[in-house]
Amino acid sequence: MTLTAEQKAYFAENGYLAYGRVLSDPELTALRQRAADIAEGKVTHLPQRYIQLEKAFRDDPKADVPRIDQVRKMTQLCYFDPLFEAAAKKAEIVDVIEDLLGPNIKLYTDQLMMKPRFHGTVTDWHQDSVAWPQFVPQEHVSCWVALDDATVENGCMTVIPGSHKWGPVSREYRDKFLAMPELATPVPVELKAGSCMFHHGLNFHRTGANQTPNRRRGLALHYIHAETKYLGVEDEESRMTTECEKPKGTFRFMLIRGQEFAGRV
Ligand SMILES: O=C(O)CCC(=O)C(=O)O
């Protein structure tokens with residue numbers, strides 16, 4: 001057990017946990033450099049479809065804005081890049097995930113949210129598990145690692161403590177729930193570069209815009225039980241199967257710790 005009883009109780013009560021340092025300075029430097037190389041097209045091992053630009057640049061790429069400051073997010077890095085894969089497998093992170101999810105752990109996906117300086121846009125309130133209904137049970141735990149200092153000004157994570165206990169909330173009711181001050185008190189989670197927070201898949205969270213001159217890159221690693229059933233469409237599987245150069249039909253999400261289960265993710 002890595003978490004103290006108090007930390008576990010805090011997570012159970014609040015649905016998130018601000019945590020300490022999980023990446024060293026050399027690891028941070030290497031990940032930032034690799035992210036920049038991918039965003040700027042200096043290396044091409046991440047397929048383009050996993051690189052999304054900020055909306056303002058999608059139809060109108062501006063030559064005077066460096067490409068790295070046009071990118072909104074990059075996904076599936078852990079499946080294509082060994083540095084990001086190593087980050088997702090770091091014992092400092094996975095030990096905590098094991099305390100929260102159990103011993104058999106897979107990575108569903110990852111998102112490097114670039115929140116570029118001057119141009120980073122809002123990520124609106126959401127519950128991750130609601131966006132991913134193709135898993136049974138819908139139990140995800142995420143680790144959000146700050147690659148830069150994350151502050152209120154540059155768009156740190158903001159959570160609604162206890163909102164994981166509401167269960168999945170449809171879009172129709174989201175704003176009604178969030179408008180009830182006795183229910184929803186937003187708490188910003190500022191983090192130093194290299195530290196992280198964990199959040200429950202049903203915890204409501206958002207991040208604000210970044211109009212500061214400082215980048216706010218954050219690596220979101222989304223973990224699931226290895227025993228989870230996947231009801232995703234074949235298209236998605238075969239697409240990833242091809243990219244991962246595994247024979248069709250043998251796709252598995254990345255095993256992080258513990259064992260595989262037949263017929264499961
Ligand atoms: O980093 C961000 O801007 C958003 C992250 C997020 O929504 C998540 O980790 O689920």
Side-chain angles (χ1 to χ4, degrees), residues 11 14-19 22-23 28 31-32 35 39 50-56 68-78 84 87-88 93 96-97 100-101 107-135 138-161 163-164 166 168-169 171 174 178 184 186-212 214-224:
F11 186 88
N14 295 289
Y16 78 100
L17 179 70
Y19 197 68
V22 289
L23 293 179
L28 275 177
L31 288 168
R32 287 181 192 136
Y50 296 127
I51 303 177
Q52 184 190 84
L53 299 186
E54 287 285 352
K55 201 162 186 291
I68 187 175
D69 294 324
Q70 300 190 26
V71 175
R72 177 170 183 271
K73 72 172 170 182
M74 303 195 284
T75 56
Q76 303 297 70
L77 284 158
C78 299
F84 282 93
I93 296 173
V96 176
I97 295 292
L100 299 174
L101 262 187
L107 186 77
Y108 166 41
T109 188
D110 58 80
Q111 298 165 315
L112 178 58
M113 304 300 294
M114 299 291 276
K115 196 74 81 181
R117 53 186 182 177
F118 304 119
H119 313 290
T121 50
V122 168
T123 295
D124 210 353
W125 290 113
H126 65 281
Q127 297 168 298
D128 294 341
S129 295
V130 170
W132 302 325
Q134 67 272 41
F135 294 96
Q138 287 178 37
E139 289 174 12
H140 309 91
V141 174
S142 300
C143 176
W144 191 96
V145 191
L147 297 194
D148 302 293
D149 290 350
T151 63
V152 169
E153 292 72 29
N154 70 9
C156 67
M157 285 276 270
T158 299
V159 298
I160 305 283
S163 52
H164 63 303
W166 302 350
V169 178
R171 192 61 196 259
R174 182 193 73 171
L178 294 172
V187 172
V189 185
E190 295 194 312
L191 291 171
K192 287 283 175 206
S195 13
C196 74
M197 60 168 286
F198 294 89
H199 64 272
H200 186 287
L202 286 172
N203 175 266
F204 263 104
H205 55 281
R206 82 186 281 275
T207 61
N210 182 12
Q211 293 174 340
T212 77
N214 306 314
R215 296 200 171 101
R216 194 249 55 186
R217 288 157 290 193
L219 177 63
L221 302 164
H222 303 290
Y223 298 92
I224 45 180

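First listed ligand is number 1; within each ligand, the first listed atom is number 1.
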Show me which atoms of ligand 1 lie under 4.0 Å from any heavy atom of [X].
X    : value
K115 : 3 (O)
D128 : 10 (O)
R216 : 1 (O), 2 (C), 3 (O)

Geometry only, no angles: is Q111 polar-contacting ligand 1 at N/O separations under 3.5 Å? no

Looking only at distances, can you tell me whether any N or O atom of W144, backbone or side chain, sits closer than 3.5 Å to an N or O atom of ligand 1?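 For ligand 1, there is an N or O atom that lies under 3.5 Å from one belonging to W144.
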
Identify, for atom 9 (O) of ligand 1, the protein heavy atom at the shortest distance, and state residue, atom and that distance. A220 CB, 3.3 Å

Atom 3 (O) of ligand 1: nearest protein contact (heavy atom, Å): T207 OG1, 2.8 Å

With a 4.0 Å cut-off on heavy atoms, is H222 in contact with ligand 1? yes

State if H126 counts as touching ligand 1 under the rule of any non-hydrogen atom under 4.0 Å. yes

Knowing that exactly one of R32, R215, R216 qualifies, which makes a salt bridge (charged side-chain N to carboxylate O under 4.0 Å, His left out) with D148?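 The option that passes is R32.
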
Is the distance between the ring centroids of H140 and F135 less than 6.0 Å?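 Yes, the ring of H140 comes within the 6.0 Å limit of the ring of F135, centre to centre.
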
So that I know where these two stand, are F198 and W144 an aromatic pair - ring centroids less than 6.0 Å apart? no

Which is closest to atom 8 (C) of ligand 1 in terms of heavy atoms, Q127, H205, R72? H205

Give, for atom CZ of R217 and atom CG of L28, the distance between the pair rounded to the nearest 0.5 Å. 9.5 Å

Please check this pair: side chain of N210 against backbone of T212, looking for a donor-acceptor N/O pair closer than 3.5 Å. yes

Hey, are Q111 and H222 close enough side-chain-wise for a donor-acceptor pair under 3.5 Å?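 There is such a pair (donor and acceptor under 3.5 Å, judged by atom type) between the side chains of H222 and Q111.
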
Can H126 and D128 be counted as having a side-chain donor-acceptor contact under 3.5 angstrom? yes

